[in-house]
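Below is one structure, written out as structure tokens; comments come after it.
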Amino acid sequence: VARHVASALDKVRARDALRESETRFRALAETAPCAIFIYQGTHIVYANAFMEALSGYSRDQLHHMNFWDTVHPDFRTLVRDRGLARQEGEAVPASYEFKFLRQDGEERWIRFSASPIDFGGRAAALGTAFDITERRRAEEQIKNLAYHDALTGLPNRLLFQDRLSVAVAQAHRLGQRVAVLFLDVDRFKVINDSLGHSRG
């Protein structure tokens with residue numbers, strides 16, 4: 001009898017510990033400043049409030065969706081292959097960046113991380129996603145400023161040198177030749193000085 005009572009008490013404690021663990025997970029997931037979701041196979045089985053806001057889909061819609069449908073077509077094969085491999089326990093990069101598609105069609109860049117978990121007795125993956133669209137835009141703007149003239153918006157010498165080195169390397173590899181044409185306009189300074197840089 002004592003053994004049965006002890007076994008029953010252990011089961012009750014285990015059930016209470018599991019319930020407490022689930023409550024803590026939900027509290028953490030629902031207040032986290034990032035998208036947290038669980039996908040099993042190809043389908044999303046859990047999504048937090050931030051995932052709703054990021055995707056534009058309601059939780060009910062997300063739970064009936066194929067996860068890969070939220071990924072931009074340019075990245076879909078890569079993300080799907082890695083996701084399925086992760087659920088099989090294969091070693092794949094835990095974190096990477098890709099474009100995400102909102103319900104309204106807007107493209108957003110996300111920093112995605114995932115790890116394999118057991119969910120309902122089956123293999124699944126716990127994913128987290130941070131919206132990094134503004135950071136990517138800032139990086140593109142900085143890159144654009146570095147490689148283009150601020151006044152005209154035309155490619156500058158730095159971009160020319162970069163493209164030329166790529167062209168020379170490619171020509172060398174393929175056994176081809178590269179030609180560079182330099183065009184100079186005489187007395188161009190007079191045009192700039194008299195009509196202004198914008199006209200020039």
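Only heavy atoms go into these numbers, but all of them, side chains included; no hydrogens, no water, no symmetry mates. All values derive from a computational prediction rather than experimental measurement. Counting from 1, the numbers follow the sequence of the chain as shown.
- Contact detail for R59 and A49: the closest heavy-atom pair is NH2-N, 3.3 Å.
- Here R135 pairs with E97 in a salt bridge; the nearest charged N to carboxylate O distance falls below 4.0 Å.
- Tracing side-chain contacts under 4.5 Å through hydrophobic residues (I, L, V, M, F, W, Y), one never reaches F119 starting from F67; they form parts of separate clusters.
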*asked:* Test side-chain contact (heavy atoms from CB on, under 4.5 Å) on T70 and L101; report intermediate values, then the result.
replied: CA-CA 5 Å; T70 64; L101 286 175; 5.8 Å; no
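- Put simply, the side chain of N156 never gets that close to the backbone of L145: no donor and acceptor are under 3.5 Å apart.
- Under a 3.5 Å cut-off, the side chain of Q161 and the backbone N or O of L158 do not form any donor-acceptor pair.
- Of all non-hydrogen atoms in F37 and A129, the two that sit nearest each other are CE2-CB, 4.4 Å.
- Linking ILVMFWY residues whenever their side-chain heavy atoms come closer than 4.5 Å, directly or via other members, places L62 and F98 in the same cluster.
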*Under the side chain to side chain donor-acceptor pair (under 3.5 Å) rule, what do T133 and D131 come out as? Steps first, then yes or no, please.*
CA-CA 6 Å; T133 307; D131 188 344; 2.6 Å; yes
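- Side-chain atoms of E52 and Q61, non-hydrogen and from C-beta on, never get closer than 4.5 Å to each other.
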*asked:* Is there a side-chain contact (heavy atoms from CB on, under 4.5 Å) between R122 and Q40? Walk through the geometry before answering.
replied: CA-CA 8 Å; R122 290 174 47 217; Q40 202 162 42; 3.3 Å; yes
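- Residues V79 and I44 share a hydrophobic cluster, clusters being chains of Ile/Leu/Val/Met/Phe/Trp/Tyr side chains in contact below 4.5 Å.
- Ring centroid separation for the pair Y39 and W68 comes in under the 6.0 Å cut-off.
- The side-chain heavy atoms of F100 and H72, taken from C-beta on, include no pair separated by under 4.5 Å.
- A donor-acceptor pair is defined here as one N or O able to donate and one able to accept, closer than 3.5 Å; no such pair exists between the side chain of D118 and the backbone of A123.
- Within the 4.5 Å cutoff, no side-chain heavy atoms of E88 are placed close to those of L84.
- Note on E134 versus R136: no salt bridge recorded, every NZ/NE/NH1/NH2 to OD/OE distance being 4.0 Å or above.
- In this structure, R82 is positioned above the aromatic face of Y96, its NZ or CZ under 6.0 Å from the six-membered ring centre and within 45° of the axis.
- Both L54 and M65 are members of a single hydrophobic cluster when ILVMFWY side chains are connected at heavy-atom separations under 4.5 Å.
- A donor-acceptor pair is defined here as one N or O able to donate and one able to accept, closer than 3.5 Å; such a pair exists between the side chain of H148 and the backbone of N144.
- Checked against the 6.0 Å centroid threshold, F75 and W109 count as a close aromatic pair.
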*Hey, mind stepping through R80 and T77 against side-chain contact (heavy atoms from CB on, under 4.5 Å) and telling me if it holds?*
CA-CA 5 Å; R80 184 182 59 235; T77 301; 4.0 Å; yes
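- Between S55 and R102 there is no side-chain heavy-atom pair separated by less than 4.5 Å.
- Between the R111 side chain and the F130 main chain, no donor and acceptor come within less than 3.5 Å of each other.
- When the side chains of ILVMFWY residues are joined at heavy-atom separations under 4.5 Å, either directly or via intervening members, Y147 and F160 end up in two distinct hydrophobic clusters.
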